[in-house]
Amino acid sequence: MSPTANTQIDLFAWAEDLEREHERIAKANEERSSRRGYLIFATDPAVSPEEPGYREVYATEARTPNQAVAKIRPLAGARRLHAYLATGTYRDELADARWVA
């Protein structure tokens, strides 16, 4: 008889481990889905649109667009802020955006 023939899997312990793992994954997915990625465009009204430095792009995660703007406001100063979903029309800007945690 081989040594592996005497070992059996405790199905109850395995099922409990599996259930805990499913709960952990569900909680992580729920938390992740409650936040969305936003692109925040910060434009300077004192600078001409043709000049460098007129527009800065930031990326962040937040529950709402207002929360995303609130994260960026201390960095942007007197600039005008506009929030857009990172998966929307301006998704190509995400690659060059400055990430803000």
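The model shown is predicted, which means the values in this text are computed figures rather than measured ones. Values below: all heavy atoms of this structure, side chains included; hydrogens, waters and symmetry mates excluded.
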Got a sec: does the CZ of R80 have more than 12 other heavy atoms crowding it under 6.0 Å?
no
Would L94 and I40 show up in the same hydrophobic cluster when neighbours are defined by side-chain heavy atoms closer than 4.5 Å?
no
Under 3.5 Å donor-acceptor, R91 side chain and L85 backbone
no
Any carboxylate oxygen within less than 4.0 angstrom of a Lys/Arg side-chain nitrogen, looking at E21 and R24?
yes
Which atom pair, heavy atoms only, marks the closest approach of P52 to V47?
O-CG1, 4.2 Å
Residue pair A83 / V69: nearest heavy atoms and the distance that separates them
CB-CG2, 3.8 Å
Search all heavy atoms of S48 against all heavy atoms of E50 and return the closest pair with its distance.
OG-OE1, 2.7 Å
P65 and Y38 have their tightest heavy-atom pair at CD-OH, 3.4 Å
Distance in Å, R98 CZ paired with L75 CG, rounded so as to fall on 0.5 Å steps:
5.0 Å
Measuring from atom CG of L81 to atom CD of E56, what distance do you get when rounded to the nearest 0.5 angstrom?
10.0 Å
If you measure from CD on E23 to CG on L18, what distance do you get to the nearest 0.5 Å?
10.5 Å
Straight-line distance of Q67 CD to I72 CD1, nearest 0.5 Å
12.5 Å
Closest non-hydrogen atom pair between A42 and Y58, with its separation
CB-CE1, 3.9 Å
With sequence neighbours left out, what residues match R55 under side-chain contact (heavy atoms from CB on, under 4.5 Å)?
F41, T43, V57, E93
Taking side chain as C-beta onward, heavy atoms only, is E61 less than 4.5 Å from W99?
yes
Please determine whether the number of non-hydrogen atoms from other residues, nucleotides or ligands lying under 6.0 Å from atom CD1 of I25 exceeds 12.
yes
Between T60 and V100, the two heavy atoms sitting closest are OG1-O, 2.8 Å
